[in-house]
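Heads up, the thing below is written out as C-alpha cells.
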Protein chains: 2
Amino acid sequence: MDSMGIMVRKQTAADQALRLDNQICFAVYSTAHAFNRVYKPLLDRLGLTYPQYLVMLALWERDDVPVKDLGERLFLDSGTLTPLLKRLEAAELIRRTRSTEDERVVLIALTPQGHALREKAKAVPQSILAASDCTVGELLAMKDEIVALRDRLNAVLEE
Amino acid sequence: MDSMGIMVRKQTAADQALRLDNQICFAVYSTAHAFNRVYKPLLDRLGLTYPQYLVMLALWERDDVPVKDLGERLFLDSGTLTPLLKRLEAAELIRRTRSTEDERVVLIALTPQGHALREKAKAVPQSILAASDCTVGELLAMKDEIVALRDRLNAVLEE
DNA sequence: CTCAATTGAATTGTGCGCAATATAAATTAT
DNA sequence: ATAATTTATATTGCGCACAATTCAATTGAG
C-alpha cells in the first residue's frame with residue numbers, strides 16, 4: 001500500500017501544478033487583460049490604444065529613434081510596430097522618416113501634437129493607481145519582482 | 001523662488017509616473033509576453049497556442065460546461081472563445097453540443113484525445129518553473145499578490 | 001573591389017481580444 | 001397568452017502579437 005500511497009501523492013502534485021489557479025502565468029495573463037480594460041476608457045479620451053500608449057510613453061522619454069530601438073525597449077518586433085506606428089502617423093502624433101545616414105533605418109519623431117498629448121496623459125497614472133487600490137510603495141515593490149521574473153524568462157530565451 | 005521650486009518638484013513627480021520603467025502595467029504586459037514566448041516551443045509539441053492551453057487547463061479541471069462558464073473562469077468573452085473553441089473542435093480535442101435543456105447553451109466536453117493530452121501537458125509546468133528560475137514558494141507568493149491586484153482592478157470595472 | 005552575409009523594416013498569414021451587433025431561446029411582466 | 005426583457009452564443013470589424021518571408025541597404029571577408 002506504501003507504493004500506492006506514494007503514487008497518489010505524486011499524482012496530486014502533478015495535478016496541482018496543472019491547476020489554473022496555481023499558474024503564475026495565468027495570474028499575469030489575466031492581470032494584463034484587467035489592466036487593459038481599466039486603461040481603455042482613460043485612453044479612449046487620448047485616442048490611443050494601450051499598446052499605442054506604451055509607444056508614446058517610450059517616445060516621450062526619447063524620440064528620434066529607430067523602430068528597432070523602440071522594439072527593444074517595448075519587447076516588440078517590426079511586425080507589430082510597423083502598422084501601429086503607421087496609425088500613430090495617420091493620427092499625426094509621430095513622423096516616420098528614413099535616416100539619411102542609413103537608408104534602412106526609419107526614425108520615429110514626435111510631432112508637436114505628439115508632444116502636447118503628454119500633458120493630457122499625466123492624469124492617467126493617477127487614475128490607475130486609484131483603481132489598483134494599492135500604495136505606490138506596494139506597487140513599486142511588486143513591479144520590481146515582476147520585472148525580475150520577466151528578465152529571467154527573457155534570459156532563458158536568449159539561451 | 002519657492003513657488004518655482006515646488007512646481008519643479010511637482011513636474012518631476014508626474015514625469016516619474018509616466019516613465020515606462022515605473023509602470024507596473026508595462027511590467028505585467030511585458031511579462032505576459034515573455035511567458036508566452038517561453039511557453040511557445042513547449043506548447044507547439046502539444047499542438048496548442050497559449051490561450052488554447054489555458055482553455056484546456058480549465059477543461060481538465062471541469063468539462064461539460066457552458067461557454068459562459070469557461071469565459072468567467074478565464075475572463076474571456078464569446079468573441080474570443082467561439083473561434084478558439086471551434087479550432088479545438090477541429091483538432092478533435094473537444095466537442096461542442098447544444099444543451100437540450102436550454103438551447104441557448106453550448107456545452108464544451110473533452111474528447112478522449114482531449115483527456116489524453118493532459119498526460120503530455122504534465123511536463124509543461126516543470127519546464128516553466130525551471131525557466132522562471134524561482135522557487136515554487138516565491139512564485140506562489142508572487143502569484144497571490146498579482147491575483148489580488150487583478151481582482152481589485154476587476155472590482156473597479158464592475159462599479 | 002566583389003560578393004556573400006547581415007541588418008532594419010515591411011509584408012503576409014494566423015490567432016487572439018474585445019466592442020458592437022445580431023439572433024435565437026428563455027424569462028418576466030402584463 | 002402575448003409582448004418586452006434578459007440571456008447565451010455567434011458574427012463582424014479592428015488592432016495587436018508574432019512567425020516567416022521578402023527586400024533593400026550595409027558590412028565584411030577574401
Side-chain angles (χ1 to χ4, degrees), chain A residues 25-26 29-41 43-44 47-56 65-91 94 96-108 154 157, chain B residues 25-26 29-41 43-44 47-56 65-91 94 96-108 154 157:
Chain A
C25 65
F26 176 61
Y29 168 90
S30 53
T31 305
H33 291 319
F35 264 122
N36 196 12
R37 289 189 282 262
V38 171
Y39 268 103
K40 181 141 204 323
L43 296 182
D44 279 350
L48 295 174
T49 66
Y50 179 67
Q52 288 168 7
Y53 173 67
L54 292 181
V55 167
M56 293 302 287
V65 292
V67 173
K68 181 105 205 293
D69 182 282
L70 224 40
E72 279 165 8
R73 284 196 271 162
L74 297 168
F75 306 98
L76 295 173
D77 69 5
S78 71
T80 301
L81 286 175
T82 297
L84 185 157
L85 291 169
K86 284 183 177 177
R87 282 186 282 271
L88 289 180
E89 187 181 37
I94 65 162
R96 300 162 63 250
T97 53
R98 289 272 161 195
S99 164
T100 49
E101 295 141 37
D102 186 336
E103 290 281 346
R104 293 170 306 180
V105 171
V106 170
L107 293 172
I108 307 300
N154 281 332
L157 290 169
Chain B
C25 65
F26 177 62
Y29 168 91
S30 53
T31 305
H33 291 320
F35 265 122
N36 196 11
R37 289 189 281 262
V38 171
Y39 268 103
K40 178 135 209 322
L43 296 182
D44 278 350
L48 296 173
T49 65
Y50 179 67
Q52 289 169 6
Y53 173 68
L54 292 180
V55 168
M56 294 303 289
V65 291
V67 174
K68 180 108 205 294
D69 181 284
L70 225 40
E72 278 165 9
R73 287 196 271 160
L74 296 168
F75 306 98
L76 295 173
D77 69 4
S78 71
T80 300
L81 286 175
T82 297
L84 186 156
L85 292 169
K86 285 185 176 175
R87 281 186 283 272
L88 289 180
E89 188 181 36
I94 66 163
R96 299 163 63 250
T97 52
R98 288 271 161 199
S99 163
T100 50
E101 296 139 37
D102 186 338
E103 289 279 349
R104 295 169 304 179
V105 171
V106 170
L107 293 172
I108 307 299
N154 280 332
L157 290 169

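Values reported hereafter were calculated over all heavy atoms of this structure, with side chains retained and with hydrogens, waters and symmetry mates removed.
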Report summary line: The residue, Asp77(A) or Glu103(A), whose nearest nucleotide of DNA chain D is more 5′ is Asp77(A)
Query raised in the report: For the atom pair OG1 (Thr82(B)) and CG (Leu76(B)), what is the distance rounded to the nearest 0.5 Å?
Result: 11.0 Å
Report task. Looking at every strand, decide which applies to Leu84(B) at a 4.0 Å heavy-atom threshold: base, sugar-phosphate, or nothing. Result -> sugar-phosphate
Query raised in the report: Any idea which of dC16(D), dA26(C), dG8(C) is nearest the Gln52(A) side chain?
Result: dC16(D)
Query raised in the report: What nucleotide, of dA17(D), dA19(D), dC18(C), holds the atom closest to the side chain of His33(A)?
Result: dC18(C)
Query raised in the report: So, is Tyr29(A) close to the dG17(C) phosphate, meaning a side-chain N or O under 4.0 Å from OP1 or OP2?
Result: yes
Query - Student check: side-chain heavy atoms of Thr49(A) and Leu43(A) closer than 4.5 Å - result: no
Requested in this report: Can you figure out which of dA19(D), dT9(D), dA10(C) approaches the side chain of Val106(A) most closely?
Outcome: dA10(C)
Report summary line: Out of dA24(D), dG15(C), dA8(D), minimum distance to the side chain of Arg104(A) belongs to dA24(D)
Report task. Look at the side chain of Ser78(B) and the base of dA10(D), then say whether one donor and one acceptor between them are separated by less than 3.5 Å. Result -> yes
Query raised in the report: Any side-chain N or O of Thr49(B) less than 4.0 Å from the OP1 or OP2 oxygen of dT14(C)?
Result: no
Query - Among dT11(C), dG15(C), dT9(D), the nucleotide that comes nearest once only the side chain of Lys86(A) is considered - result: dT11(C)
**Report entry** Nearest-angstrom distance from the residue atom CG of Asn36(B) to P of dG17(C)
**Finding:** 8 Å
Report summary line: Heavy-atom nearest nucleotide on DNA chain C taken for Val105(A) and for Lys40(A); more 5' hit belongs to Val105(A)
**Report entry** Touch class at under 4.0 angstrom, heavy-atom based, for Thr80(A) against every strand present
**Finding:** base
Query raised in the report: Hey, would you say the Tyr29(A) and Phe35(B) ring centroids sit under 6.0 Å apart?
Result: no
Report task. Send over the distance from Leu107(B) CG to dA10(D) P, rounded to a whole Å. Result -> 11 Å
Query raised in the report: Which listed nucleotide (dG17(C), dA25(D), dA10(D)) is nearest to the side chain of Leu76(B)?
Result: dG17(C)
Report task. Whole angstrom is fine here: how far is it from CZ in Arg98(B) over to P in dA25(C)? Result -> 9 Å
**Report entry** Value in whole Å for how far the C1' atom of dC16(D) lies from CG of Leu70(A)
**Finding:** 15 Å
Requested in this report: For Glu72(A), report the nucleic acid contact type (base, sugar-phosphate, nothing); a contact means any heavy atom under 4.0 Å.
Outcome: nothing
Requested in this report: Report the distance from atom OH of Tyr50(B) to atom P of dC18(D), rounded to the nearest whole Å.
Outcome: 14 Å
**Report entry** CG on Asp77(A) to CG on Leu70(A), rounded to 0.5 Å
**Finding:** 12.0 Å
**Report entry** Step-by-step side chain to side chain contact (heavy atoms under 4.5 Å, CB included) determination, Lys68(B) to Val105(B)
**Finding:** CA-CA 8 Å; Lys68(B) 180 108 205 294; Val105(B) 171; over 6 Å; no
Report task. Figure out the CG/P separation between Leu81(A) and dA9(C), and round it to whole Å. Result -> 10 Å
Query raised in the report: NA contact type, Pro66(A), heavy-atom cut-off 4.0 Å: base, sugar-phosphate, or nothing?
Result: sugar-phosphate
Query raised in the report: Rounded to whole angstrom units, what separation is found between the CZ atom of Arg87(B) and the P atom of dC16(C)?
Result: 4 Å
Report task. Give the rounded distance in Å between these two atoms: CD of Glu101(A) and P of dA9(C). Result -> 13 Å
Report summary line: Ranking dG17(C), dC18(C), dA8(D) by distance to the side chain of Lys68(B), first place goes to dA8(D)
